[in-house]
Amino acid sequence: MLLDLEKPRRRNAISLTPLIDVVFILLLFFMLTSQFIQQRRVDLPVPTAGTAEDAEVLNIQLAANGHTISVEDETLDVDDLSALKQLVAAHGKEVFALDVEKGATTQAFITLVDRLKQAGAKQVSMAGVLP
Amino acid sequence: MILNTKPKPSKSMGDDQLIPLINVVFLMLIFFMVAGHITRQNPIKLDPPQSINETHNDPDNQVEVSRTADGKLYLGADPVTSETLGEQLKQRFEKAKDKEHFSVLVRVDGDTPVEQLQPLLMTIKEAGLTHVGLATLLIPGGQS
């Protein structure tokens, strides 16, 4: 007996075009909304009452150009990390109070705080405002 | 001359050509989904100072005070004056759930002279708030 079987039909492949449409829209959404900027914060310590008297304070003057600091009649470069390390080693437990000259920018102040922390300073604060 | 008028053998051929394209688009999609992060953008445009500091923000338990280059003050996204800022900061502090860790994030331009930043910090200090931070941008690699 001869069976007249139909050949199994190949299923039509799902069209990819709507998929690509959706993927493109998702791609556009993520490209436009993602942020790659990394926001951080530098904590400015405000000591509670009492600590200011306990700790000794070392005043550091930041010049208006933002590149030189003067400590006890000594002038140092902000980028000179080994000199800063010696300074921190000599005044280990003191609070470093940064006295900023008129005209120095916030960027210069933050850079100096970063450098002092890199050199090992624990307590850095802004003179005048934060004791 | 014989014209080959036969239709092309299969319609799915067109779709097969698209698969490399879809591969690339999927890879880009995954890159943007993983590498970027979606946050609410701050409407006040500022260019904060750059720093190697790694401390993260705590957006749920802080209030942002922004000072633009032309001297305008904003609490969150609302404009305030330096006279009313202290009072409003106190109100925000009263409403805060976790008073122990409530902090103020000060956003200023990196070019702002420090003597213009100091009065703002004094106002915050006089309002009695002790956790104050300065917004910075992370320098990749830790070198300026």
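Below, each value reflects all heavy atoms present in this structure, side chains not excepted, and no hydrogens, waters or symmetry copies. All of these numbers come straight from a predicted model, not from anything done at the bench. Lettering of chains follows the sequences in order, A, B, ..., and the numbering in each one begins at 1.
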**Q** Answer with side chain, backbone, both or neither: which region of B/Glu126 has an atom nearer than 4.5 Å to a non-hydrogen atom of chain A?
**A** neither
**Q** Heavy-atom distance under 4.5 Å to chain A: side chain of B/Val34, backbone, both or neither?
**A**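 No part of B/Val34 comes within 4.5 Å of chain A.
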**Q** Pairing donors with acceptors under 3.5 angstrom, does anything connect the side chains of A/Thr105 and B/Asp111?
**A** no
**Q** If you count heavy-atom pairs under 4.5 Å between each of B/Ser103, B/Ser51, B/Ala35, B/Pro48 and chain A, which one has the most?
**A** B/Ser51
**Q** Shorter than 4.5 Å, heavy atoms on both sides: which option in A/Met31, A/Arg40, A/Gln35 has the most such pairs with chain B?
**A** A/Arg40
**Q** Honestly curious: do A/Leu98 and A/Leu76 fall in one hydrophobic cluster under the side-chain, below-4.5 Å linking rule?
**A** yes
**Q** What residue, out of B/Leu137, B/Leu134, B/Leu138, has the most heavy-atom pairs lying under 4.5 Å from chain A?
**A** B/Leu134
**Q** Heavy-atom distances under 4.5 Å only: say whether A/Val100 touches chain B with side chain, backbone, both or neither.
**A** side chain
**Q** Using heavy-atom distances under 4.5 Å, tell me whether B/Val108 contacts chain A through its side chain, its backbone, both, or neither.
**A**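 Contact with chain A involves the side chain of B/Val108 alone.
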**Q** Looking only at heavy atoms, which of residues 23-30 of chain B get nearer than 4.5 Å to chain A?
**A** B/Val25, B/Phe26, B/Met28, B/Leu29
**Q** Please classify the contact of A/Leu26 with chain B as side chain, backbone, both or neither, using a heavy-atom distance under 4.5 Å.
**A** both
**Q** Treating B/Glu115 as the side-chain partner and A/Gly103 as the backbone partner, does any N or O pair qualify as donor plus acceptor under 3.5 Å?
**A** yes
**Q** For the candidates A/Val113, A/Ile20, A/Leu62, which exhibits the highest count of non-hydrogen atom pairs separated by less than 4.5 Å from chain B?
**A** A/Ile20
**Q** Which region of B/Glu54, side chain (C-beta onward) or backbone (N, CA, C, O), has a non-hydrogen atom less than 4.5 Å from a non-hydrogen atom of chain A, or is it both or neither?
**A** both
**Q** Looking at A/Glu101 and A/Ala63, would you say the former's side chain and the latter's main chain have a donor-acceptor pair under 3.5 Å?
**A** no
**Q** Could you give me the CA-CA distance, side-chain angles and deciding distance for A/Leu16 and B/Ile19, then say whether side-chain contact (heavy atoms from CB on, under 4.5 Å) is met?
**A** CA-CA 9 Å; A/Leu16 287 175; B/Ile19 289 172; 4.1 Å; yes
**Q** Donor-acceptor pair, A/Ser34 side chain versus A/Phe30 backbone, under 3.5 Å?
**A**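 Yes, because the side chain of A/Ser34 sits within donor-acceptor range (under 3.5 Å) of the backbone of A/Phe30.
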**Q** Establish whether A/Leu112 and A/Val42 are linked, either directly or via other cluster members, by ILVMFWY side-chain heavy-atom contacts under 4.5 Å.
**A**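 Yes: a chain of side-chain contacts under 4.5 Å links A/Leu112 to A/Val42.
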**Q** Can you say whether the rings of B/Phe32 and A/Phe36 are parallel (under 30°), tilted (30 to 60°) or perpendicular (over 60°)?
**A** perpendicular
**Q** Please tell me whether B/Phe102 and B/Leu75 are part of a single hydrophobic cluster in this structure, the criterion being side-chain heavy atoms less than 4.5 Å apart.
**A**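 Yes.
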**Q** Backbone N or O of B/Thr112 within a donor-acceptor pair of the A/Thr106 side chain at under 3.5 Å?
**A** yes
**Q** Measure from the side-chain N and O atoms of B/Asp109 to the backbone N and O of B/Leu46, and report whether any donor-acceptor pair falls under 3.5 Å.
**A**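 Flag not set: sc B/Asp109 to bb B/Leu46 has no pair under 3.5 Å.
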